[in-house]
Amino acid sequence: MKELLSAKYCPDEIEARWYEYWLNQGLFKSKPDNRKPYTIVIPPPNVTGVLHMGHMLNNTIQDILVRRARMKGLNALWVPGTDHASIATEAKVVNKLAQQGIAKKDLTREEFLGHVWDWTKEHGGIILKQLRKLGASCDWDRTAFTMDEVRSESVIKVFCDLYDKGLIYRGVRMVNWDPKAKTALSDEEVIYKEHNGKLYYLRYKVEGDAEGRYAVVATTRPETIMGDTAMCINPNDPKNQWLKGKKVIVPLVGRVIPVIEDEYVDIEFGTGCLKVTPAHDVNDYMLGEKYGLETIDIFNDDGTLSEAAGLYVGQDRFDVRKAIEKDLDAAGLLEKTEDYVNKVGFSERTNVPIEPKLSMQWFLKMESLAKPALEAVMNDDIKFYPAKYKNTYKYWMENIKDWCISRQLWWGHRIPAYYLPKGGFVVAENAEEALKKAKAKVDYPIEAKDLRQDEDCLDTWFSSWLWPISLFDGIRNPESEELKYYYPTSDLVTGPDIIFFWVARMIMAGYQYQGKMPFRNVYFTGIVRDKLGRKMSKQLGNSPDPLDLIAQYGADGVRMGMMLSAPAGNDILFDEALCEQGRNFNNKIWNAFRLVKGWEIVDSEQPETCKQAVRWFGAKLRATCNEVEDLMSKYRLSEALMAVYKLFWDEFSSWYLEMIKPEYGKPIDRATLEATLQFFDELLKQLHPFMPFITEELWQNLYERKEGESIMIAQIGDSSEQAGDKAILDEMEIVKQVISGVRMVRNKKNIAPKKGLKLSAIGSNPVEKYSAMISQLAYLDEFTTSEAKTNGTQAFLVGTSEFAVFIGDLVDVTAEIAKAEAEIKRLEGFIAGIRKKLSNEKFVANAPEAVVALERKKESDAQTKIAALQESIKSLRG
RNA sequence: GGGUUUUUAGCUCAGCUGGUUUAGAGCGUCUGCCUUACAAGCAGAGGGUCGGGGGUUCGAAUCCCUCAAAACCCACCA
């Protein structure tokens, strides 16, 4: 035996070394050639983010797909990059500056952006570095950023183009206002959560009512009464008929407002009276428009009360809610309060309650964009895995609303609209162009300094929706060779939570700007949860640090841990035990390698057993490779991994290697060793996409390799079924069962594993030609065929064939008889069931012949077994 | 309030258009083994009647209805 490697696989040094090698050899790089392309664009993580378990899952999947594509002869490209994430990043920097005592409002736009760029350069790309630890095979030379030059220019160009097409407009609308970030948000950025609040019943005095009566209004937001400009009742509400045509007085405020009538009001809710605050509620706004009501905006941008409120000016909206409750109560204007659960919208980014607010924003008309994008998915030009998300997608696309694309932020792509000194604006790609357009538009002299660019930025997703095109510079340069080659991309791997934010919009942009889909398949991953099913979160502290996990189990171990329980679209319940399983598997592979490479070679004739084993494992390998290919084509990655796992561990290690293993210290014949090395080579290739590092390490040491060679670019071979594969696979299953049968007898009777035994096939021996192999693996001294069983044997059945092990007086006659009788009873019940079926004329008449024939075979097999068992009982009683 | 999905061994899941021996896998469990590749291992075993009920059918985990539980998505109910 040659020198031994360590009995355990140690990943750390190996992983770093091979990743370096792959980089140095340029193996992640791709450029267009005459091969078929395979392309993935990364869902760009936040530029200042750090790796979490969701990224691990998502990027492991992408890496598996891209590595396998590479090994199948495709020109595989995985493009990495990061997203500027305007709200999140700006919020982080604002906080950081605040800690240093710097307020954003005291900085100029340029100064502030200087701080954000510094922050971005300092923290940016950490996450991409972390991805390398995972083994991600991205073409790093192509690393892009949504705010780099190419992407920025693309965004502006698209904005101008859509504006010119009349798809972008500016207008005052009710938008979702984030008072912390002080910006508008799109509907998708609002998360509704249950909120335990109160329902306040407020008294609105009826003007001029002789009896001094009140109209009572139920509201969850008493602090908005300063903005009330009407009260609304349902004209069909019998209990409020008396209010028709009246005016009421807003409590505390004293403003007189009309009572209007609209069927929108729910008669059953509260008192049937609704306060109308057009500036601060979407529905009230709708009523306001309909009845021409005044709008009073009582809030400042930060959620404090404005001068317009008249009362509580400068106080925060939630403080005011408490204060006004007290004051109303003191004034006798609060009838009662009730506990009440309602849904409140929260900002996705800052997690503060959003405030519906009227403001001037930019919008993109979506209807025409949505049409081709909806069709593409519904007719499966673009396939979703799992397909259930087609429904979700369809519903959203059919009810799509215009997209609010402006954000009151500085960090992002500044809206290329330039306001003219005397009103109006022009939209242009840059200031120069803007000036030209402005000069053409107005009849007064105008200079560059007279133009004022819009202060706002574009929604981050307005850059990400172009990602599959802009990565290949296809917006600025639609004829780009790169674009033509790599676009449409192949697979997109992302979470279902951003199906509207991102996936749907990329599809729309794809058809708008390329007339083609951006990707052919979308694989939706699940959410990574802990093993109790809870979402991983910082608050709960239940999210492991991915880099710690890698340090502990190795990248390959963690990748496998993630993949073992990650069917597409299902949430994955992450358990470190799975990483442990992954690590153990690495170790198994490692040790199999140690065994195989430890043998000395001799040029002797190949033993029959080895010939048979090689023949069989070749067939098994081909069959499993085909199975894996099938599973991969259906994106059933965890099942594909499991198939290879079992192939390596059970079939290759536990069966094949035991079959060919020479006695301790003895050499192996050349033919067998060479076949085994080739099997190992193929196994490593099948495993490589899942576990890139260990497979490279072992592949490099399996044979002499030249500098520059790598398993990464080794090609997965042909695994077409060969003549006779099926037969030998079937035969070997019987062989295995015979061996297991003998081992079971040993176990039951406490016979040492290597104590020689005598086995005899009763009647005939279906596996006679494998006698040597069976004898070797079952440690038999003798394997014969005999007419009938003799005393002192323990029998077992494989199919309908019976085998008997000689164990002398170890036989427990009573127990054996009882066992045989129980089995006979079971079989009799089984036969009874079959006979019932077979005697049913309708069954025989209707069921396909094959099914009927099968039932007959079951019946006769069971009878054969019963006969054998009865024979056994007889001989036991002897 | 709508919509989608899920409910199969202790756990996590397969089981596609109903019919290859009264259901499979991995992990865990139990038993026996430190057998010179691997105790992060080897050999073997036990374990569910397919959420409940009803129906269709010669035949259902698989189709239909219903009830129950859970998850997610969408929606302006103050």
Side-chain angles (χ1 to χ4, degrees), chain A residues 1 4-5 7-9 174 192 199 217-221 224 232 264-266 268-270 273-277 281-286 340 342-343 345 356 386 388-389 391-392 395-396 399 496-497 499-500 527 531 533 553 557 564-565 567 569-573 575 577-578 580-581 583-599 634 636 638-639 642-643 645-646 653-654 657-658 661 664-665 740 743-748 750 752-754 799 826-827 829-830 833-834 837 840-848 850-855 857-859 861-862 865:
Chain A
M1 184 156 320
L4 274 180
L5 295 157
K8 294 205 162 74
Y9 169 61
M174 183 67 81
Y192 288 89
L199 198 54
V217 167
T219 179
T220 54
R221 302 202 59 193
T224 62
C232 190
Y264 161 76
V265 178
D266 181 354
E268 303 302 320
F269 188 89
C273 295
L274 173 74
K275 67 193 266 314
V276 184
T277 321
D281 184 283
V282 180
N283 302 299
D284 293 10
Y285 176 66
M286 182 255 315
Y340 188 70
N342 66 339
K343 296 251 174 145
K388 66 178 176 184
Y389 288 110
N391 290 323
T392 314
Y395 184 82
W396 190 74
N399 296 282
D497 50 330
I499 187 168
F500 308 134
I527 297 166
K531 61 180 167 183
Y553 300 103
L564 275 172
S565 85
N570 277 13
D571 286 357
I572 93 153
L573 302 190
D575 187 344
L578 293 170
E580 212 172 300
Q581 194 183 343
R583 178 201 58 186
N584 294 354
F585 186 43
N586 277 295
N587 213 35
K588 187 71 188 175
I589 301 169
W590 182 256
N591 276 296
F593 182 84
R594 285 174 65 212
L595 175 69
V596 169
K597 290 303 277 188
W599 288 324
K634 293 171 181 155
R636 303 176 73 143
S638 48
E639 284 172 64
M642 186 48 71
Y645 174 83
K646 285 193 275 192
S653 298
S654 298
L657 290 179
E658 293 301 326
K661 194 171 171 179
Y664 179 68
S740 293
R743 287 171 176 171
M744 184 171 65
V745 172
R746 286 183 192 276
N747 248 294
K748 285 251 166 71
N750 250 315
K754 290 188 177 174
R826 202 202 110 235
L827 286 165
F830 181 61
I834 295 170
K837 224 183 230 187
N840 182 334
E841 283 172 35
K842 285 184 185 168
F843 171 71
V844 180
N846 292 324
V851 175
V852 179
L854 182 71
E855 291 299 319
K857 173 147 196 319
K858 284 195 218 169
E859 185 191 15
D861 283 359
K865 287 183 192 174

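Reminder, nothing fancy here: chain letters follow the sequence lines and each chain counts from 1. The model shown is predicted, which means the values in this text are computed figures rather than measured ones.
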**Item:** Sugar-phosphate, base or nothing in reach of A:Val282, heavy atoms under 4.0 Å
**Value:** nothing

**Message:** Please classify the nucleic acid contact of A:Ser653 as base, sugar-phosphate, or nothing, using heavy-atom distances under 4.0 Å.
**Reply:** base

**Request:** Just call it for A:Tyr9: base, sugar-phosphate, or nothing, with non-hydrogen atoms closer than 4.0 Å on any strand.
**Result:** nothing

**Request:** Could you tell me whether A:Glu639 contacts a base, only the sugar-phosphate backbone, or nothing, with contacts defined as non-hydrogen atoms closer than 4.0 Å?
**Result:** sugar-phosphate

**Request:** Report which part of the nucleic acid A:Leu274 touches: base, sugar-phosphate, or nothing (heavy-atom distance under 4.0 Å, all strands).
**Result:** base

**Request:** Could you check whether A:Arg743 gets within reach of a base, just the sugar-phosphate, or nothing at all, counting any heavy atom under 4.0 Å?
**Result:** sugar-phosphate

**Prompt:** When rounded to the nearest Å, what value does the distance between C1' atoms of B:rC65 and B:rA14 take?
**Reply:** 27 Å

**Asked** Quantified in whole Å, what is the P atom distance between nucleotide B:rA75 and nucleotide B:rC11?
**Response** 36 Å

**No-H, no-angle donor-acceptor pair, A:Asn283 side chain to B:rC76 base, under 3.5 Å** = yes

**Prompt:** When the ring planes of A:Tyr9 and A:Trp590 are compared, do they come out parallel, tilted or perpendicular, using 30° and 60° as the limits?
**Reply:** tilted

**Request:** Starting from the 5' end of RNA chain B, give me the residue, A:Ala577 or A:Pro753, whose nearest nucleotide shows up first.
**Result:** A:Ala577

**Request:** Just call it for A:Pro848: base, sugar-phosphate, or nothing, with non-hydrogen atoms closer than 4.0 Å on any strand.
**Result:** base

**Asked** On a whole-Å scale, what distance lies between the P atoms belonging to B:rG10 and B:rC30?
**Response** 15 Å

**Asked** How is A:Val844 classified with respect to the nucleic acid when contacts are heavy atoms under 4.0 Å: base, sugar-phosphate, or nothing?
**Response** nothing

**Message:** Roughly how many Å apart are B:rU8 and B:rG51, using the P atom of each and rounding to a whole number?
**Reply:** 6 Å

**Prompt:** When you compare B:rG24 with B:rG19, how far apart are their P atoms, in angstrom units rounded to a whole number?
**Reply:** 14 Å

**Asked** With sugar-phosphate meaning primed atoms plus P, OP1 and OP2, does A:Glu268 contact a base, only sugar-phosphate, or nothing at under 4.0 Å between heavy atoms?
**Response** nothing

**Request:** Determine the Euclidean distance between corresponding C1' atoms of B:rG26 and B:rG15; express it in Å to zero decimal places.
**Result:** 15 Å

**Complete:** In whole angstroms, the gap separating C1' of B:rG59 from CZ of A:Phe843 amounts to 7 Å

**Item:** Gap in Å between the two C1' atoms, one belonging to B:rU17 and one to B:rC63, rounded
**Value:** 11 Å

**Asked** Is any side-chain N or O of A:Tyr664 closer than 4.0 Å to OP1 or OP2 of B:rU35?
**Response** no

**Message:** Reading RNA chain B from 5' onward, which residue's closest nucleotide shows up sooner: A:Glu580 or A:Asn846?
**Reply:** A:Glu580

**Euclidean distance for P, B:rU5 against B:rC64 (whole angstrom)** = 11 Å

